[in-house]
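Model, not experiment: these values are computed from the prediction. Every heavy atom of this structure was used, including side-chain atoms; hydrogens, water molecules and symmetry mates were not. All ligand and atom numbering here is 1-based and tracks the order in the structure.
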Amino acid sequence: MAKYYTEPSRTFTEYLLIPNLSTKDCTPDNVSLKTPLVKFKRGENPELSLNIPFASAVMQAVSDHHMAVALARSGGISFIFGSQPIKEEAEMVRKVKAYKAGFVISRSNLTPEHTLKDVLELKEKTGHSTLAVTGDGTAKGKLLGIVKGSDYRISRDALDKPISQFMTPFASLIYGKQGITLSEANDLIWEHKINCLPIVDEEQNLEYLVFRKDYEAHKEYPNELLDANKSYIVGAGINTKDYKERVPALVDAGVDVLVIDSSDGYSEWQRETIQYVKANFNVKIGAGNVVDREGFLYLVESGADFVKIGIGGGSICITREQKGIGRGQASSLIEVTEARDEYYEQTGIYVPICSDGGIVHDYHITLALAMGADFVMMGRYFARFDESPTRKLKVNNNFVKEFWGEGSNRARNWERYDSGGKSGLLFEEGVDSYVPYAGSLRENMEKTTSKIKSTMCNCGSKTIPQLQREARITIVSATSLVEGGAHDVILKESGLSGE
Ligand code: IMP
C-alpha cells in the first residue's frame, strides 16, 4: 500500500510569524543578512557566503551576465542558465568574471591603422565613447593610445583618417600600473580631471580601464559579492547529460559554483554528476530539486554543497497539473530543515538549503528563512526588472516583461525534465507569460531587504541563523487569511464611478 502523509502539504501564505521581544539594539541597521552558500564544518567558515540571501533562477528569462553583475553588486548570486550551448554559457560566465568591480576589461578596441569611420561604427555598436587603441586591436594588447569624443570632429575630419593621427597617444596619457588599488586609481582620475584611466602592465599591455562613473557606483554598493581577485561571484546551471563537456568549459571560464538544474533531483543521475565534478574539479556544486528528507540526504551523501528545495511551486510551473508530483513549499522546507539540522548534529557538517520557487510576497522570503532556508532562489521576482534578459513590452497600457518557464516549449530545456528514455520535450511543464515590469533591481531589492530586516527586528533576530533558531511560526486558518489584507473598507484606487 502507498504511504500516506497525514498532514496536507502547505505553502507560505498559510503561515505567519509571531513577534518575539525586540531588544533596543535590534534595529534594521544592525541586522545582517549574510548567509552560507556552501557546506561547512562546525566552527569553520563556509568558503562561499552571500551578503543577501537571494539567488536568481537558472532560467533563460532571468539569469544572464547582466543580471549576474547587477545581483552580485547587491550581494546575491545569479546562476547563469544552462539551457544554451556550452560555449555561450561559458562566455556569459567569462563576462561576469571579467567585470571587476570598478576595473573593466576594455570591450571596444581598435588598432592605430583603423580609421575614424571604424571608430564611429564601433561606438554605434557598443555605445562606448572611450576606445582603447592597442597594437593588435585586442583588450590585452600593447596600449598605444585612447580615443575619446574630444579627439575628433565629425564635421571636419575625414572618415578615412587613421586613428594614429588623432588618438591621444600613450606618451600623453595618464595611466595606472598593474596592481593599483581602486581607490588609488580614483585619486588619479580626480587629480587629473579625467573620466577614464587605463591600467597597464610592465610591458605596457592594457589590463583594465577604470571609469569615474564606475567608481562612484562601486562606493554605492557596500554589499558587493566579490572573490579574492575582486571579480563578481557567479554561479551556473548544469544538467546531468552533457556535464562532462559543460563543466570543464564553465570551470575554465572561472565559475565559482555550479548547480544541477532539474525539476526532480532525487536521482542516480544527480549522484553521478556530483561525483564526477567532485572527482575532477575543485568547484562547488549544489543539487536538487527535492522536497523531502530522503531526497535531501541522498544528495548530501552524494556530496552536494547545497541542496535546492521545491517541486511544482514556481510561478510559471505546471508540473503539478501535468504530472501530479510536487509538494507545498513550506511543508517541503520544514521537513528538509529538520533533516538538515539532524545531519548537522550528527556529523558537524552544515549543508545550506535553497528554497526555490513560489515566492509571491516579500514576506514569503522571511518565512522561508525562518523555516530554515539559508537563501531563496527566485524567477518571477527578478524577471520583472530592467536587468533581466527579456523584452519589455506594453500590454493593455501596462509595461510588462516576458517570462517563460524552462519547461515551456519556448525554452525547450528538455534536459531539466528528462527522466531517461527518449530525449526531447514531449509535453510542457511550464508556461510562457508576462510579468508586470517593476523597474531597477537595486531599488526593488532595497525595498525587499528593508522589509525582511524590519520583520527580523519584530522577531528579535539580528542574523538569519538566529531567526532560524528563534522564530515562532503559526498556521493561519482560511478565515483569518481574509483578515490579512485590507478588508471591510472601500479602497480609494478601486475606481468607483463618480470619483
Ligand atoms: P518563481 O520564483 O516562482 O518564478 O519560480 C522559479 C523556479 O521555478 C525556478 O527556479 C525553477 O526551479 C522553477 N521553474 C523554472 N521553469 C519552470 C518550468 O517551466 N516548469 C516548472 N518549474 C520551473
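When only interatomic distances are considered, the shortest N/O to N/O separation between Ser315 and ligand 1 falls below 3.5 Å. For a threshold of 3.5 Å applied to N or O pairs, the pair formed by Gly357 and ligand 1 contains no separation below that value. For Glu429, a nitrogen or oxygen atom sits less than 3.5 Å from a nitrogen or oxygen atom of ligand 1, counting backbone and side chain alike. On a distance-only criterion, Cys317 and ligand 1 share no N/O pair closer than 3.5 Å. Between Glu406 and ligand 1, at least one N/O pair is under 3.5 Å apart.
Neither the backbone nor the side chain of Phe81 comes within contact range of ligand 1; no heavy atom lies under 4.0 Å.
In this structure, Ser331 contributes its side chain and Arg10 its backbone to a donor-acceptor pair below 3.5 Å. Side-chain atoms of Arg384 do not come within 3.5 Å of backbone N or O of Val435 as any donor-acceptor pair. Arg442 contributes no side-chain N or O that, together with a main-chain N or O of Ser74, makes up a donor-acceptor pair within less than 3.5 Å. Not one N or O on the side chain of Asn444 forms a donor-acceptor pair closer than 3.5 Å with the backbone of Phe385. Proximity of a side-chain donor or acceptor of Asn223 to a complementary backbone N or O of Ile52 within less than 3.5 Å is not detected.
The closest protein non-hydrogen atom to atom 12 (O) of ligand 1 is Asp356 OD2, 2.5 Å. Scanning all protein heavy atoms for the shortest distance to atom 8 (O) of ligand 1 gives Gly314 CA, 3.7 Å.
For the pair Trp404 and ligand 1, no heavy-atom separation below 4.0 Å is found.
Between the side chains of Thr240 and Glu272, no donor N or O sits under 3.5 Å from an acceptor N or O.
Ring centers of Phe306 and Phe375: under 6.0 Å apart, within the cut-off.
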